[in-house]
Each structure stands twice: as structure tokens, then as C-alpha cells.
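All remarks here apply to the structure that follows.
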Amino acid sequence: GFMDGNYKGYIDIRLSGEDIHFDVSDDTQLFRFQSGIGFVAIPHFFITLSALYKGEISEAQLDCHGNADYYLFSSDGQNLFIEHVGHYPQRTDTYQFKLKAYMEAISCAFLSYLQQLEKEGILPLKEQEFGHPLGDDVLQAFDSFSAILSS
């Protein structure tokens, strides 16, 4: 269930600047997926995790739009390995999570984030502006991602 590995998820999306960060932490580590251009980064993030989970790919690179850093995500089917390759300063941080539990933490956090925005009347969007980090294509990517977990 959700408490496997006891992961906590936290989502923050700057609706104006489009910067996003998706945090997942357990007792020993916190990994923050951070990027600009949310409407590109978010679907790519969900699609990558889904493909790893389904075994369609075993590794992928995700860029931090807005700086030169990038993330390497890989999986052996059970575990998710993440390398954050940073340039200023030069460093590589590594993380390991249970893949499904990581995805569940993200899914729960994203869902409660969306519900919060509905309460505040921000969602659903009145009109679809191109490039909004919570536009239809982003929400569809999230729906497909969540559907995989519950199947």
C-alpha cells in the first residue's frame, strides 16, 4: 500500500513562472525533481515513470529545463534509481526508491495538489492557454499515469 517505504510526496508548481518541483522523501533521503517549462517537464516525467514501470524502457534522461542539470532515471523493475547530475557545482547525487511506492507517493501528492487548486477555484482552468503547467495535456498525462497504478 501507500506506506511501503513510508514515502511522502510534495508537489509545487509555480503557475506563473512554470517552475515545478516534485519531492519524494523517506526517512533517509529527499529527491527533488525540479525543472522549468512545467507543461513539457510534467508529462515527460509521468510518461517516463510509466514506461519504466511497464518495462518498456530501463532508463531515461530528463532535463532540468532552465539549467544544465539533468536526471538519469533507471529501473530494474522493482527499484527506481535516480542520478542527479549537476553542473554548478559539479556533482552527482544518487537516490534509490521502490518504483511503485515512489509513483504512488507522486500520484497522491499530485492529486491532493489538484484538489487544493479546485478548492481555491484555480481549477478547472477557464480557458486553455498554451503552455499552462496544468493544461489538458498535463492532466491527461497524469490520468494515464494514475490509471497504471490502480490496474
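The structure displayed is predicted, hence computed values, not measured ones.
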Going by side chain to side chain contact (heavy atoms under 4.5 Å, CB included), name the residues that satisfy it together with Lys54, two or more places apart in sequence or in a different chain. Glu56, Ile148
List for me each residue that meets side chain to side chain contact (heavy atoms under 4.5 Å, CB included) alongside Gln78, sequence neighbours excluded, and say none if there are none. Asp76
For residues Ser75 and Leu99, report the shortest heavy-atom separation together with the two atoms involved. OG-CD2, 3.5 Å
Determine whether Leu80 and Tyr53 make a side-chain contact, defined as any pair of heavy atoms from C-beta on separated by less than 4.5 Å. no
Looking at side-chain heavy atoms only, is the closest gap between Ile13 and Leu117 below 4.5 Å? no
Is it the case that one hydrophobic cluster holds both Ile106 and Leu149, taking links as side-chain heavy atoms less than 4.5 Å apart, direct or via other members? yes
Side chains of His84 and Asp69: do they bring a donor and an acceptor to under 3.5 Å? yes
Would Leu123 end up clustered with Ile11 when hydrophobic side chains under 4.5 Å apart are linked, directly or stepwise? yes
Any idea how Phe46 and Phe22 line up, ring-wise: parallel (<30°), tilted (30 to 60°), or perpendicular (>60°)? tilted
Approximate separation, where rounding is to 0.5 Å, of Asp136 CG and Gln128 CD: 3.5 Å
Once you round to the nearest 0.5 Å, how far does OG of Ser150 lie from CD of Glu104? 10.0 Å
Hey, are the side chains of Leu72 and Ile82 touching, using non-hydrogen atoms and a 4.5 Å cut-off? no
Look at the rings of Phe110 and Phe142 and say which category their plane angle falls in: under 30° parallel, 30 to 60° tilted, over 60° perpendicular. tilted
Would you mind reporting whether Pro133 and Val138 have side-chain heavy atoms less than 4.5 Å apart? no
Report the C-alpha distance between Tyr71 and Val85 in whole Å, list the side-chain angles of each, state the deciding distance to 0.1 Å, and finish with yes or no for side chain to side chain contact (heavy atoms under 4.5 Å, CB included). CA-CA 6 Å; Tyr71 306 100; Val85 180; over 6 Å; no
Do the side chains of Asp12 and Ile20 get nearer than 4.5 Å, heavy atoms only? no
For His65 and Ala41, work out which heavy atoms get closest and say how close. CD2-CB, 4.1 Å
With a 6.0 Å cut-off (strictly less than), is the heavy-atom count around CD of Glu59, excluding the residue itself, greater than 12? no
Got a sec, which pairs hit side-chain hydrogen bond (donor to acceptor under 3.5 Å, both in side chains) with one end in residues 137-147, sequence neighbours left out? Ser107-Ser146
Which ring pair (Phe, Tyr, Trp, His ring centres under 6.0 Å) pairs, counting each pair once, include a residue from residues 111-137, with sequence neighbours left out? Phe39-Phe130
Output all residues satisfying salt bridge (charged side-chain N to carboxylate O under 4.0 Å, His left out) with Asp23, sequence neighbours left out; order by chain, then residue number. Arg32
Under the side-chain contact (heavy atoms from CB on, under 4.5 Å) test against His44, which residue among Leu49, Ile37, Leu62 passes? Leu62
Shortest non-hydrogen contact from Ile57 to Ala60? CD1-CB, 3.9 Å
Here the gap from Asp26 atom CG to Gln96 atom CD, rounded to the nearest 0.5 Å, amounts to 10.0 Å
Test item: Leu114 and Leu139 side chains (from C-beta on) under 4.5 Å apart, heavy atoms: yes
Once rounded to the nearest 0.5 Å, what's the spacing between atom OG of Ser112 and atom NZ of Lys119? 9.0 Å
Any non-hydrogen side-chain atom of Met103 less than 4.5 Å from a side-chain atom of Phe145? yes
Side-chain contact test, heavy atoms from C-beta onward, threshold under 4.5 Å: evaluate it for Gln34 versus Asp19 and give yes or no. no
Under 30°, 30 to 60°, or over 60°: which ring-plane class applies to Phe33 and Phe31, parallel, tilted or perpendicular? tilted
How long is the span from the CD atom in Gln29 to the OG1 atom in Thr94, to the nearest 0.5 Å? 8.5 Å
Just checking Tyr7 against Tyr102, ring centres under 6.0 Å apart? no
Please enumerate all residues that pass salt bridge (charged side-chain N to carboxylate O under 4.0 Å, His left out) together with Asp93, with sequence neighbours excluded. Arg91
Please determine whether residues Leu30 and Tyr95 belong to a single hydrophobic cluster, defined as Ile, Leu, Val, Met, Phe, Trp and Tyr linked transitively by side-chain heavy-atom distances below 4.5 Å. no
